[in-house]
2 protein chains.
Amino acid sequence: MSPSNSTPGPTSGLSLEQQICYAMHTTVRAFDAVYRDLLSEHGLSYPQYIALMSVGEHGPLTVGRLGELMHLDSGTLSPLLKRMEAAGLVGRARDPQDERRVLVSVTAAGRDRLAGLGDVPRQIAVRSGLSRAQLLDLQRTLQAVTTALQNADVPTAG
Amino acid sequence: MSPSNSTPGPTSGLSLEQQICYAMHTTVRAFDAVYRDLLSEHGLSYPQYIALMSVGEHGPLTVGRLGELMHLDSGTLSPLLKRMEAAGLVGRARDPQDERRVLVSVTAAGRDRLAGLGDVPRQIAVRSGLSRAQLLDLQRTLQAVTTALQNADVPTAG
DNA sequence: TACTATCAAATTGCGCACAATCTAATTGCC
DNA sequence: GGCAATTAGATTGTGCGCAATTTGATAGTA
């Protein structure tokens, strides 16, 4: 009764639409590996890098606003920011205007860390093997897919 | 709606090549959310679903072989398979030919679980909003990127 | 004022992913 | 046979991500 003795075909079981997600996961982990390679020597993970960039660029941000930018919630961000604070990269302080909010800002050490990174985006682009046009096209596709997936996300809302 | 104050520029700091990875991560999480929506009622996570599919299709597999298929190592697979075994979905047994190896096989309950899932790949394809041709194209791009990233993964090898 | 609802962040619990280490079995070589 | 090197999984420790809950602050209202 083992189904493996006569498989219908080499690619029949895992159909196209499935392999797409499989490919997505694989690609993301490949990206993560390259980021680890580039960032680990600077003591940063990819999420920490994105967070540091976001806070550095957009000034003091609330945890909620940063979560909107990174598409993450406080369950992920709170411990992440705590570690970054412990590393001296960011500062956290309650907003005096609204004590519910916590304002996250980059420290001088955080800016130094960013400045010492070199051109990470260029490294990534080069290693991806894609041209600028291809990258743009891929990005557009991904954004479209994301929007579609998120909008279809509530099937039985009625 | 207030973007706080007057930030230097909306897209100045985060350049193109960077947003590509940002987009990748966001898209993958959107995929994950849809999979959770489809699979959670069946008591499966996405990795468990892929593992169950792989073992079901390719017959008894060693942990190492399954790891090659899923691009995961024993540090991830061992606890995952342990949970699936506890759930009665797969069986694990040392290979009598080589006691180092552990053979993973799908149980009858595992097959039932798979059979009860419905057409998950079609659901994903529909929700992605992409045509079959677009999916194929995206998949090809992702595979190319993955290969490029993995090959560029060893920078100072020479 | 007091009472309720809402909101922001933190916390808890679970699972995935990876690096590093450990254990046990096999292979290779003498 | 005996012993080092290799191989296969499991384990440990850390971090990411999400659901659910909790804590504390702010509105809103009678």
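What you see below is based on every heavy atom in this structure, not just the backbone, and it leaves out hydrogens, waters and symmetry mates. Being a predicted model, the structure only gives us computed values, none of them experimental.
A donor-acceptor pair is defined here as one N or O able to donate and one able to accept, closer than 3.5 Å; such a pair exists between the side chain of Asn151(B) and the backbone of Thr147(B). A distance-only check finds a donor-acceptor pair linking the side chain of Thr107(A) to the backbone of Gly110(A) [under 3.5 Å]. Looking at Arg29(B), its side chain does come within 3.5 Å of a backbone N or O of His71(A) through a donor-acceptor pair. Side-chain atoms of Arg111(A) never come within 3.5 Å of backbone atoms of Val106(A) as a donor-acceptor pair (strictly under, hydrogens ignored).
dA17(C) atom C1' lies 16 Å from atom CD1 of Ile50(B), rounded to whole Å. Here dG13(C) presents its C1' atom at 14 Å from CG of Asp73(A), a figure rounded to the nearest Å. For Leu77(B) and dC18(C), the CG to P distance is 10 Å, given to the nearest whole Å. Residue Leu52(A) contributes atom CG, which lies 16 Å from atom P of dG15(D) at whole-angstrom precision. Across the protein-nucleic acid pair, Glu68(B) atom CD and dG9(D) atom C1' stand 14 Å apart, rounded to whole Å. Atom CD of Glu99(B) and atom P of dT27(C) are 12 Å apart (whole Å). Separating the CG atom of Leu81(B) from the C1' atom of dG9(D) is a distance of 11 Å, rounded to the nearest angstrom. The nearest whole Å value for the distance from the CZ atom in Arg92(A) to the C1' atom in dA10(C) is 9 Å.
Using bins of under 30°, 30° to 60° and over 60° for the plane-to-plane angle, the ring pair Tyr46(B)/Tyr35(B) lands in the tilted bin.
Contact check, Arg65(A) against dA8(C): no side-chain N or O comes under 4.0 Å of OP1 or OP2. Regarding contacts with the backbone of dT11(C), a side-chain N or O of Lys82(A) is found under 4.0 angstrom from either OP1 or OP2. Using a 4.0 Å cut-off, no side-chain N or O of Arg94(A) falls inside it from OP1 or OP2 of dA9(C). Within the 4.0 Å cut-off from OP1 or OP2 of dG17(D), at least one side-chain nitrogen or oxygen of Arg29(B) is found.
Within the 4.0 angstrom heavy-atom criterion, only backbone atoms of the sugar-phosphate kind lie near Leu72(B); the bases stay farther away. Residue-level contact check: Gly64(B) touches the backbone only, with heavy atoms under 4.0 Å from sugar-phosphate atoms and none from bases. Residue contacts for Ser45(A): at a heavy-atom cut-off of 4.0 Å it reaches the sugar-phosphate backbone alone, with no base atom in range.
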At a cut-off of 3.5 Å, list every protein nitrogen or oxygen paired with a nitrogen or oxygen from nucleotides 1-6 of chain C, distance to 0.1 Å.
none

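Residues Thr76(B) and Pro96(B) both approach DNA chain C. Their nearest nucleotides, taken by heavy-atom distance, put Thr76(B) toward the 5′ side. Between Gln97(A) and Leu80(A), the residue anchored closer to the 5' end of DNA chain D is Leu80(A), taking for each the nucleotide with the nearest heavy atom. Annotation: of the two residues near DNA chain C, Arg36(A) and Leu103(A), the 5′-most nearest-nucleotide partner is Leu103(A).
In this model, no side-chain donor or acceptor of Ser78(A) finds a partner on the base of dA9(C) within 3.5 Å. The base of dA10(C) is paired with the side chain of Ser74(A) by a donor and an acceptor separated by under 3.5 Å.
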| Taking it one step at a time, do Leu117(A) and Tyr49(A) satisfy side chain to side chain contact (heavy atoms under 4.5 Å, CB included)? | CA-CA 10 Å; Leu117(A) 284 182; Tyr49(A) 167 68; 3.4 Å; yes
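Inter-residue side-chain proximity for Asp95(A) and Thr62(A) is flagged as unmet; no heavy-atom pair is nearer than 4.5 Å.
We find the CE-CZ distance between Met84(A) and Arg92(A) to be 11.0 Å, quoted to the nearest 0.5 Å.
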